[in-house]
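These notes are about the structure you will find just below.
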Amino acid sequence: SLRFKENAMYRFMRTITVETVSDFPAALQFATDVTSYMNKNHLVNMKFGFEVYGKPRIHRYFDSESPDTLRGINAKLIKDRDY
């Protein structure tokens with residue numbers, strides 16, 4: 001059995017590296033769509049942000065109170081064809 005620190009938060013994060021600046025608007029739209037979908041259909045408080053220096057990257061993330069909750073959400077996502 002794993003022991004975790006009380007009141008710790010665990011982060012689910014996905015990062016997209018955008019290859020060209022001209023692709024950045026489409027990548028931002030994708031992040032907006034996925035974030036909206038996750039918040040509506042999986043009841044998470046997903047957010048996204050982007051890096052402004054170096055290669056453009058977009059990070060989507062949400063926090064969870066336990067690794068078990070993250071595993072449960074991940075199991076649902078694997079079965080979610082729309083995701």
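Remember, predicted model here, so these are calculated numbers, not experimental data.
For the residue pair N74 and R14, the shortest heavy atom distance occurs at OD1-NH2, 4.5 Å.
Counting only residues at least two apart or on different chains, no ring pair (Phe, Tyr, Trp, His ring centres under 6.0 Å) pair has a member in residues 63-83. Sorted pairs that involve residues 22-40 and meet salt bridge (charged side-chain N to carboxylate O under 4.0 Å, His left out), not counting sequence neighbours, are lacking altogether.
For the pair V34/R60, a side-chain contact is recorded, criterion being any heavy-atom separation below 4.5 Å from C-beta on. Side chains of I58 and V18 form a contact here, defined as non-hydrogen atoms less than 4.5 Å apart.
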Can you give the donor-acceptor pairs under 3.5 Å from side chains of residues 49-56 to other protein atoms, not counting sequence neighbours?
| unit_1 | atom_1 | unit_2 | atom_2 | d |
| --- | --- | --- | --- | --- |
| E51 | OE2 | H59 | NE2 | 2.7 |
| K55 | NZ | E19 | OE1 | 3.3 |

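Looking at residues two or more places apart in sequence or on another chain, you find a side-chain contact (heavy atoms from CB on, under 4.5 Å) between S22 and T20. Partners of S64 under the side-chain contact (heavy atoms from CB on, under 4.5 Å) rule, at least two apart in sequence or in another chain, are T69, L70. D68 is linked by a side chain to side chain donor-acceptor pair (under 3.5 Å) to R71, counting only residues two or more places apart in sequence or in another chain. By the salt bridge (charged side-chain N to carboxylate O under 4.0 Å, His left out) test, R11 pairs with D63, sequence neighbours left out. In this view, F62 and F12 satisfy the ring pair (Phe, Tyr, Trp, His ring centres under 6.0 Å) rule, not counting sequence neighbours. Taking D82 as the reference, Y37, D80 meet the side-chain contact (heavy atoms from CB on, under 4.5 Å) condition, with sequence neighbours excluded.
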Exercise for review: Go through the steps to decide whether T35 and K47 satisfy the test side chain to side chain contact (heavy atoms under 4.5 Å, CB included), and finish with yes or no.
Suggested key: CA-CA 6 Å; T35 299; K47 298 176 183 177; 5.7 Å; no
Check your understanding: Yes or no on side chain to side chain contact (heavy atoms under 4.5 Å, CB included) for I73 and V44, after CA distance, side-chain angles and deciding distance?
Key -> CA-CA 9 Å; I73 292 169; V44 296; 3.6 Å; yes
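The hydrophobic cluster around M13 extends to Y61, counting ILVMFWY residues whose side-chain heavy atoms fall within less than 4.5 Å of a member. Through side-chain heavy atoms spaced under 4.5 Å, either directly or across other Ile, Leu, Val, Met, Phe, Trp or Tyr residues, L43 is tied to no other residue.
Between the OG1 atom of T17 and the CZ atom of R57 there is a distance of 4.5 Å, given to the nearest 0.5 Å.
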